[in-house]
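Comments concern the structure below.
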Amino acid sequence: MAIENPGLRLHLLLFLVLSSSFAIFKVSSESDSDRVAELLRLQPRSGSGVIHLDDQSLRRFVTSAKSRSYSLIIFFDAVHLHDKSELHLQELRAEFDLVASAFINNNKDTPAHSKVFFCDIEFKESQSSFALFGVNTLPHVRYVGPQIQNLKDSEPMDQNDFARMAESMAQFVEVKTKVTVGPIERPPPLSKKQIGFLLALVLISAPFVVKRVIAGDTLFQDPKLWLSLAVFVYFFSVSGAMHNIIRKMPMFLADRNDPSKLIFFYQGSGMQLGAEGFAIGFLYTVVGLLLAFVTHLLIRVRNVTVQRVFMITALLVSFWAVRKVIYLDNWKTGYGVHGFWPSSWK
């Protein structure tokens with residue numbers, strides 16, 4: 001049978017209360033210089049100098065610090081959303097790292113070095129911190145000034161400024177902190193070792209390449225390659241592929257009324273899906289190849305009957321392809337439409 005000891009329980013409870021009170025007192029009594037020293041110590045842990053914060057460290061450096069001499073630039077991240085290409089979180093985080101590195105390198109050994117710190121917060125680790133800031137959309141960057149006590153009063157970076165990447169982030173930091181970030185140095189596409197390896201490879205292969213060029217036995221001297229490239233460039237030009245790349249247009253969309261169905265052709269002149277452009281590019285390429293066939297190959301055929309048959313066939317197929325293009329254009333813009341488009345393409 002257990003023996004209860006009320007005195008022991010009372011002492012244990014008193015010890016826990018005193019310990020927690022001492023911990024709270026220690027955090028609240030921590031000086032501003034101690035927090036600055038800790039932030040400077042945390043900077044080198046990441047290659048870019050961005051300090052990773054969570055709920056506890058945010059409370060220590062911001063909410064529990066009644067007086068601060070430093071500002072925080074915070075990047076809000078969510079690892080589980082990195083696969084959503086439309087958010088560009090990984091790309092923007094890399095640009096944020098460039099700004100942080102530029103600021104630290106250009107302001108080293110200056111008073112500004114201990115006045116501004118770049119930080120990041122991850123959603124799954126610090127959901128309560130996201131709620132304190134009132135952040136519900138990403139990407140998001142916040143400036144937390146020295147006088148800010150209510151985190152919702154901190155100043156967010158405008159969403160439109162993300163288009164200019166690191167340059168717009170640096171401008172945002174300079175406007176809010178009145179401190180110069182300095183020039184941003186982007187890493188070269190190739191490292192010195194990679195450049196040295198490529199140069200050695202070129203020098204070693206140069207004699208063999210020159211010998212094959214003189215003999216006319218290289219891939220770049222093959223007419224079939226240039227013919228294929230010409231057809232590709234023609235298709236790329238008439239299919240609107242550049243528009244799809246710049247606007248990041250999807251190949252197809254899910255039907256809102258029936259998610260199990262896919263929409264390959266969007267009715268309306270303000271938007272063009274990737275499948276539409278490829279369909280138009282295919283039809284135009286068919287016409288172009290038939291024209292090349294008639295003007296370069298068919299004229300070499302000596303049989304007049306064969307020439308006429310192929311010529312009529314090429315004209316009919318070209319006429320059919322152009323009618324399909326006209327149909328799609330009329331269908332998208334809402335003009336008169338006739339039944340020339342296959343039902344399986346609607």
So do [Y] and [X] actually touch side chain to side chain, heavy atoms under 4.5 Å?
| X | Y | answer |
| --- | --- | --- |
| L58 | S126 | no |
| M169 | L92 | yes |
| V99 | I184 | yes |
| R45 | I51 | no |
| Y143 | V175 | no |
| F61 | L42 | yes |
| R308 | V304 | yes |
| P146 | S71 | yes |

Any donor-acceptor pair under 3.5 Å linking the side chain of [X] with the backbone of [Y]?
| X | Y | answer |
| --- | --- | --- |
| R68 | I148 | yes |
| N106 | V181 | yes |
| D97 | S48 | no |
| Q159 | P139 | yes |
| D77 | L89 | no |

Show the nearest heavy-atom pair for residues [X] and [Y], with the distance to one decimal.
| X | Y | result |
| --- | --- | --- |
| G182 | E174 | N-OE2, 3.9 Å |
| W320 | L283 | CZ3-CD2, 3.9 Å |
| H140 | P156 | NE2-CB, 3.7 Å |
| L98 | R186 | CD1-NH1, 3.3 Å |
| V135 | R142 | CG2-NH2, 4.4 Å |
| I73 | F96 | O-CZ, 3.5 Å |

Drop me the distance from [X]'s [atom1] to [Y]'s [atom2], to the nearest 0.5 angstrom.
| X | Y | atom1 | atom2 | answer |
| --- | --- | --- | --- | --- |
| M157 | Q171 | CE | CD | 8.5 Å |
| S114 | N107 | OG | CG | 10.0 Å |
| Q56 | S129 | CD | OG | 11.0 Å |
| T63 | N150 | OG1 | CG | 11.0 Å |
| Q43 | C119 | CD | SG | 8.5 Å |

Can you hop from [X] to [Y] via hydrophobic side chains spaced under 4.5 Å?
| X | Y | result |
| --- | --- | --- |
| V294 | Y234 | no |
| L203 | L201 | no |
| L298 | I312 | no |
| L290 | F282 | yes |
| V79 | I121 | no |

Residue from L289, V325, V322 passing side chain to side chain contact (heavy atoms under 4.5 Å, CB included) with Y284:
V325
Under the ring pair (Phe, Tyr, Trp, His ring centres under 6.0 Å) definition, can you give me all pairs with a residue in residues 167-218, not counting sequence neighbours?
none
Start with the C-alpha gap between F133 and I74, add the side-chain angles, then the distance that decides, and say whether side chain to side chain contact (heavy atoms under 4.5 Å, CB included) holds.
CA-CA 11 Å; F133 280 98; I74 303 178; 3.7 Å; yes
Got more than 12 heavy atoms from elsewhere within 6.0 Å of [atom1], [X]?
| X | atom1 | answer |
| --- | --- | --- |
| F293 | CZ | yes |
| Q194 | CD | yes |
| H296 | NE2 | no |

Going through the distances and angles, do I104 and S101 end up as a side chain to side chain contact (heavy atoms under 4.5 Å, CB included)?
CA-CA 5 Å; I104 294 172; S101 298; 6.0 Å; no
Let's go through H88 and E95 carefully: what are the C-alpha distance in whole Å and the side-chain angles of both, what is the deciding distance for side chain to side chain contact (heavy atoms under 4.5 Å, CB included) to 0.1 Å, and is it a yes or a no?
CA-CA 11 Å; H88 306 286; E95 296 293 306; over 6 Å; no
Could you pull out all residues at least two apart from R41 that satisfy salt bridge (Lys or Arg N to Asp or Glu O under 4.0 Å)?
E38
What class does the angle between the rings of F130 and F123 fall in, given that below 30° is parallel, 30 to 60° is tilted and above 60° is perpendicular?
perpendicular
Could you tell me whether D55 and R59 make a salt bridge, using a distance below 4.0 angstrom between a side-chain N and a carboxylate O?
no
Which is it for F75 and V50 under the side chain to side chain contact (heavy atoms under 4.5 Å, CB included) test, yes or no, and what are the steps along the way?
CA-CA 9 Å; F75 182 90; V50 175; over 6 Å; no
Does any donor atom in the side chain of D120 or H52 lie under 3.5 Å from an acceptor atom in the other side chain?
yes
Taking the six-membered ring for Trp, is the centroid-to-centroid distance between F235 and F278 below 6.0 Å?
yes
